[in-house]
Structure formats: C-alpha cells, structure tokens
Amino acid sequence: MGIYYNFPAENNMQCPVKLFCSREIYQEIEEEALNQLLTAATLPGIAAVVGMPDLHQGYGLPIGGVMASEPGGPISPGAVGFDINCGVRLIRTGLSGKELEGQEDEILKRLRQRIPAGLGQSSKLKFSSREFNQIIGEGIPALDKMGIIDSFLPENCEDGGSFPGADPAAISSKAQERGITQLNTLGSGNHFLEIQQIAWAEEESEFFKGEIVIMLHTGSRGFGHQICQDYLKLAEQRRQKYNLNFPVKNLAYLPSESPEGKDYLAAMGCAANFAYANRELLTARLKEIWSDLFPGSRLRLFYDHTHNIARWEEHLIDEKQQKVLIHRKGATRLAPGNPALIPGSMGTSSYVVSSEDSKNTLLALKSGAHGAGRSMSRTQAKKTISREQHRSSLGRVKAVSSSGGSMLDESPLAYKNISLVIDSLQQSELARPLARMNPLLVLKG
DNA sequence: ATGTTC
C-alpha cells in the first residue's frame, strides 16, 4: 500500500485532500502550500483535491496541486497558472556522449545564437494575424501545413499537439499582440534547454546508457500570461452576476458551464496550442543546429507534455466514475502507456518515469510530480546563496544565461532534491523511473 | 511564469 496523507473534509471543505509524498518530503512542505491546497477544497463544486510531492506555494492553487471540479463547478484560471501549457519535451539524438566530445562550446554558442531566450525576447519569425490564429486554433498541425516544421510525431505529443476546443475568438487583442512575436522563444525563469546524457536506463526502456538527449522546458510566454490575466479580471467582474465566492483573490473562478467559463477554456486551449507550437518551433531550430554540427544525425521527439492545464477527464471519485474538470498546476498527467518527464533543477538529474497501475494512481487523479519543486523563493535564493556556492553546486555542468544574469534564483540550492521526489512517487506507487539523465550543457533565459 | 505595479 503506497503512502499518502489524507486530510478529511472539515470546516468549509467540500472534499478531503490527499497529499502524495514520502515522510521525508512531508516534513519539508511549507505550511502555506498545504494551506493553499486545503483552501482549494473549499470552492463550491469541487470533487477532489490532490497534492504532489513537489508541492510549493503558488498563486491561488499551490504548484504541484491538482483540483477536480464537478460539471457546473468552477473553472479557475489561477488553478491552471499564468504559464498555460508550461511543459517539457524530450528529444532523442541517437548520438552517444563520445560523438559530442569537443563540440560543447560550439553547441552552446549556436544555441545562444539561434534560440531567442530571456524576458521579453521576441522571435525573428514573422507570422501574419491569420497565420497566428491558425496556429493557436490548431496547434502543431498548423505549422505542418505551413511547411515550417519537419516530421512531427503527433503520437509522441500530448493532445497530438492540438488542444481540443481552442477558439481564437476568445482571445483579447492585447494577448494576440503580445503572443505574435513570441512564438519560437524560450522565455526566462525556470525555462531552459538542456543537453543531457542518459546515466541510467531500465532495460525495457528504449534508451541506451551514454545516449545524448535534449530537454526543453517552456510554455506560452506573454500570450498565456495575458490570457490568465484577462480571465482573472473577467471572473472578478462576474462575481455578483453568478454569486461567486472566492476564498482568496487568486482562486477566482467562473462557472465552467457559463459562457465566460467556456470562453476561458477556449482561450486556454489557444495558449495550450501556442505552447505546443512553441516547443515544436524551437525543435526546428535545434534540428538546424544539429544537421550543421552532426550531419546525418536525426533528432526525434520522444515525448512532449504539459504540466499547467485544465481539461475534462473521467475519474473515479467516491467510488463512482465521473466526468470532472481537472486542473493540473505544476503536475503531469500519468496516463498508462505514456511516459512522464520530470526535470530536476539546473545542474541536477532529470527523469523519465512511467505510470504505475495501482489504486493510488486513481486516488491521485492520474497525476504525478512535475519537477524538483522550489525549496526557497527567488528573493530568498538571491539573498542567501553566494555566487561561489552556486558555482560549485553546478559541478562540471556548463550553464549559460542569455541575459547574463547570475541565475542564483535558479540554483540547484534553491530547489528540493529531485531524487527525493522520484523516491516519493515510488513510495506512493504512482510512478517508477525509466531513465535518469545528467545535464551537460544548459541554456537558461 | 510575466514588456516584473490596472
């Protein structure tokens, strides 16, 4: 029986809250993050709330929080997050570490040249308003039709790279303005591009030890951010009309069956498509770099998935199969047969995991952790970590920041130990590791 | 996370 912590429904809670983590991690979880999780359970129409081992304080719903709403219940932009479809993609190169030796500096140089990264950065790619709407309406298949990407593998991408129900009519002009120049950019903060090497792989996995893979972590940039902002404001404006009661400002919501709630879902779908397309376009840049440096090699998508999204799914709740609106914020979907990608902090290992077929996966709403999870805030990290401590924590990993910043707020010292998170997923019988990767080269915003 | 305070 896998471990989890159960918090029974009391006071205004509509449902119990389950926290899936080891005892070791439980002791480190911030009180405020747990409070935020319990508060989410007080929203009217909530069917289930679950926390992942990388839980930490966020905006409204904590990062690592999963929230299920009944039909007609709330849809909350803050419970999806500002970076809609923030997600991770893993690309196989087929090369071994030996084949990369001596090229490290050249790779980093070209990544910096070809991958626009950093706050407010825009892309050299120009899209017309019509093209942009096609991309946000359809996702990666639209890029394929435009002939600007090559050999996309939809079966290796969540939603096939095309989120259902996306509708550009639900987007503000401001969101479109911000987004149109930001497709094909990496962003800042915890977004990164890493060249990694397989350090360990389970025999049944398709990876080989020493294999070079590329991990990409980015989302919907200013576009998703603007959509979240627009709909948080709309939710506030509709408070009286729908008699809504927000326990905290950042858990503002709309009734999922209202026109405004449906509009948010349609707009959120556009941001989801933007982010899928963004990761695919950056992959096209990687393919260009790779074919220059390693002629004859071929980059192949292993998997791409989101950890900030809301979607309708069937779940077992109170021992009944029910259709619920799942919000995952800093949490992955754990679907049988599909892998999940769990990056560590910069300079530490990342993992590919596979879902377990256990009772707990159902109780955890088929969800898993999305990363190491912060152990201190950005401000705290900048204040307490010295440059020297940070540098030695990176070991031999070569990391560059496009902005030339210190990256102290992204230091491994500001994050939990990823191996504790992976241990925790195993102890809870949610997932088991398929492969562990070590970073060699890191590009940050 | 974010043209970092509508």
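What's counted below: heavy atoms across the whole structure, side chains too, no hydrogens, waters or symmetry copies.
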When you match A/Gln229 and A/Glu410 each to their closest nucleotide on DNA chain B, which lands nearer the 5' end? A/Glu410

Contact class for A/Gly81 (heavy atom, under 4.0 Å): base, sugar-phosphate, or nothing? nothing

Could you check how far CG of A/Asn250 sits from C1' of B/dC6, rounded to whole Å? 15 Å

Between A/His191 (NE2) and B/dT4 (C1'), how many Å, whole number? 15 Å

Separation of A/Ile227 atom CD1 from B/dT2 atom P, in whole Å? 14 Å

Interatomic distance where CD belongs to A/Gln182 and P belongs to B/dT2 [whole Å]: 8 Å

Could you check whether the rings of A/Tyr5 and A/Tyr26 sit parallel, tilted or perpendicular, using 30° and 60° as the cut-offs? parallel

For atom NZ of A/Lys233 and atom P of B/dT2, their distance in whole Å: 21 Å

For A/Glu236, is there an ion pair with A/Arg239 - N to carboxylate O distance below 4.0 angstrom? yes

Under 6.0 Å between ring centres: does that hold for A/Tyr276 and A/Phe152? no

Centroid separation under 6.0 Å, is that true for the rings of A/Tyr264 and A/Tyr231? yes

Round to the nearest Å and state the distance from A/Arg221 atom CZ to B/dT2 atom C1'. 8 Å

Nearest-Å distance for atom pair CD1/P, residues A/Ile63 and B/dT2: 13 Å

Taking atom C1' of B/dT2 as reference, at what distance in whole Å does atom CG of A/Leu186 sit? 14 Å

